[in-house]
Amino acid sequence: FMVRVASIATTLLEMEETHPGQQCPASSFYLALGCDHGVYEYVTGAMARAGWIKKTSCTLALTEKGRELARKVNEALEKKS
């Protein structure tokens with residue numbers, strides 16, 4: 001579960017940094033999670049309830065709390081490299 005959360009958060013952060021102002025299509029994450037609607041809803045729903053993302057039927061976007069999480073994940077990964 002946390003690997004999926006970390007993957008979504010860091011990908012959204014990367015998208016924000018490389019494509020400012022663009023919204024991330026939710027379908028990309030649905031596909032990345034193996035086209036399993038239950039898994040997609042479980043993971044993104046939990047992230048939304050935790051306040052890490054804003055979720056619509058078409059897009060996902062990080063909140064400030066989600067950006068902090070994604071930065072911490074990236075920092076941890078850099079230390080392991």
Side-chain angles (χ1 to χ4, degrees):
F1 173 78
M2 288 308 295
V3 169
R4 291 173 174 155
V5 168
S7 298
I8 291 171
T10 56
T11 301
L12 285 170
L13 182 64
E14 183 178 339
M15 288 297 294
E16 282 185 359
E17 291 173 347
T18 58
H19 299 89
Q22 264 192 319
Q23 295 190 348
C24 246
S27 60
S28 297
F29 296 96
Y30 172 74
L31 292 170
L33 293 172
C35 298
D36 186 323
H37 186 68
V39 171
Y40 171 80
E41 286 298 323
Y42 179 73
V43 175
T44 58
M47 291 180 76
R49 286 188 300 279
W52 295 330
I53 63 170
K54 289 182 182 178
K55 176 182 167 186
T56 70
S57 60
C58 297
T59 63
L60 299 179
L62 286 174
T63 62
E64 190 54 44
K65 194 174 173 182
R67 283 183 203 91
E68 289 174 25
L69 172 70
R71 287 183 187 114
K72 286 178 184 177
V73 170
N74 281 338
E75 288 171 12
L77 291 172
E78 286 175 14
K79 288 180 184 177
K80 289 199 177 233
S81 303

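Because only heavy atoms are used, hydrogens play no part in the values below, and waters and symmetry mates are left out as well, while side chains stay in.
The shortest heavy-atom contact between Leu62 and Ala9 is CD1-O, 3.7 Å. Between Asp36 and Gly38 the shortest heavy-atom distance is OD1-N, 3.0 Å. Closest approach of Ser57 and Ala26 over heavy atoms only: O-CB, 4.4 Å.
Residues Tyr30 and Leu60 share a single hydrophobic cluster, defined by chaining ILVMFWY side chains whose heavy atoms lie under 4.5 Å apart. Cluster membership for Met2 and Leu12, using ILVMFWY side-chain heavy atoms within less than 4.5 angstrom, is shared. Cluster annotation: Phe1 and Phe29 are assigned to the same hydrophobic cluster (Ile/Leu/Val/Met/Phe/Trp/Tyr, side-chain heavy-atom contacts under 4.5 Å, transitive). Cluster membership check: Met15 does not share its hydrophobic cluster with Leu77, using side-chain heavy-atom separations under 4.5 Å among Ile, Leu, Val, Met, Phe, Trp and Tyr.
Put simply, the side chain of Lys65 gets close to the backbone of Ala50: a donor and an acceptor are under 3.5 Å apart. In this structure, the side chain of Thr63 engages the main chain of Trp52 through a donor-acceptor pair within 3.5 Å.
Residues Leu13 and Val73 form no side-chain contact, since every pair of their non-hydrogen atoms from C-beta on lies 4.5 Å or further apart. You'll find the side chain of Glu41 reaches within 4.5 Å of the side chain of Lys55, heavy atoms only.
With respect to Arg71 and Glu78, no salt bridge is recorded, no charged nitrogen being found less than 4.0 Å from a carboxylate O.
Heavy atoms from other residues, nucleotides or ligands lying under 6.0 Å from CZ of Arg67 number more than 12. Other residues, nucleotides and ligands contribute only 12 or fewer heavy atoms inside 6.0 Å of the CD atom of Gln23.
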